Protein chains: 2
Amino acid sequence: MPDQIQNAFRALADPTRRDIVQMLASQDMTIAQLTDCFDMTRAAVKKHLTVLSDGGLILVEARGRERINRLEPKGMAPVLDWLSFFDQFWDERLRNLKEAIERKET
Amino acid sequence: MPDQIQNAFRALADPTRRDIVQMLASQDMTIAQLTDCFDMTRAAVKKHLTVLSDGGLILVEARGRERINRLEPKGMAPVLDWLSFFDQFWDERLRNLKEAIERKET
DNA sequence: ATTATTTGATACCATATGGTATCATGTCAA
DNA sequence: TTGACATGATACCATATGGTATCAAATAAT
């Protein structure tokens, strides 16, 4: 719960975890299914899934002896919120540039 | 140049670096100025700036013996591009949910 | 010219991270 | 019940990471 922003950004910092996120976007998958898609051990994939879960980016549902890993779009909210301030900066930059050009042309 | 997405995500994965980005959003700063804002050595701050530079998130301009660190909004583009696919997923989820509700109510 | 200031670079350290191997546990099927 | 299968958990390893301390180099100030 604490530092959700940090956990989410950390979860996205690894290329394998970003790949997992992309795969889960197309369909829910078990650990074994995900492991088939990567050149690494099931234990390694499990670790990545734990980090993604800590980041709030996936939800794990126990179904019998399997664990269905599902994407949790809400988990991306802290990341997008943080980045939103940057959009403002970007816009301000464009405004300043526009102003400067207008002053020169006056 | 290669793996710009990875370098950008990695740069954003550290809380100190995200703080630096926020500070540079309000004004360009030298390494010494940034160091005053944190409880760590100038060398540590310099390392973070190198990572941010590798991620394409800042530009460094030499001015005399000082180095002006400036935010580079364009560097955020790979991150936003990668996240954009997620927006689609989110929308699709909403569409599916909407469809399911409509089917039930029919 | 000399000194102070800002930075670059390197060596070094503790811990985090990504990975494997291994064994224990729970669940499905015969 | 007895295996087979999917997972959990732990110990362990190599490397990456975030930090310090230290020294060299370039520029500013006196």
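Numbers restart at 1 for each chain; the letters A, B, ... are given by sequence-line order, proteins then strands. Computed from a prediction, not measured in an experiment: that's the story for all the values here.
- Within residues 42-57 of chain B, the residues approached by DNA chain D to less than 4.0 Å at the level of any non-hydrogen atom are B:A43, B:A44, B:K47, B:H48, in residue-number order.
- Remark: A:R18 pairs with B:Q6 by the side-chain hydrogen bond (donor to acceptor under 3.5 Å, both in side chains) rule, at least two apart or across chains.
- The distance from atom CD1 of B:I20 to atom CG of B:L71, rounded to the nearest 0.5 Å, is 11.0 Å.
- Note: CZ (A:R65) to C1' (C:dA29) measures 8 Å, nearest angstrom.
- Within the structure, ring-ring contact (aromatic ring centres under 6.0 Å, His included) pairs that include any residue of residues 3-27 of chain A comprise A:F9-A:W82 (at least two apart or interchain).
- For the side-chain hydrogen bond (donor to acceptor under 3.5 Å, both in side chains) test, residues two or more places apart in sequence or in another chain that qualify with B:R17 are B:H48.
- Looking at heavy-atom distances under 4.0 Å, B:R10 makes contact with sugar-phosphate atoms alone, never a base.
- In this structure, the separation between CZ on A:R65 and OG1 on A:T30 is 11.0 Å, given to the nearest 0.5 Å.
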Can you give the donor-acceptor pairs under 3.5 Å from side chains of residues 38-47 of chain B to other protein atoms, not counting sequence neighbours?
from	atom 1	to	atom 2	distance (Å)
B:K46	NZ	B:T50	OG1	3.4

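- Of the residues in residues 11-18 of chain B, none has a non-hydrogen atom less than 4.0 angstrom from any atom of DNA chain C.
- To the nearest 0.5 Å, the span separating CD1 on A:I5 from CG on A:D3 amounts to 7.5 Å.
- Close approach of DNA chain D to chain B, defined as any atom under 4.0 Å from a non-hydrogen atom of the protein, starts and stops at D:dT17 to D:dA28.
- For a distance-only test at 3.5 Å, the side chain of B:R67 fails to qualify as a donor-acceptor partner of the base of C:dT7.
- For the atom pair A:I58 CD1 and A:L49 CG, the distance stands at 4.5 Å (nearest 0.5 Å).
- Screening residues 52-63 of chain B for salt bridge (Lys or Arg N to Asp or Glu O under 4.0 Å) gives B:E61-B:R70 as the qualifying pairs, with residues at least two apart or on separate chains.
- A 4.5 Å side-chain heavy-atom check between B:S53 and B:E72 finds every atom pair outside the cut-off.
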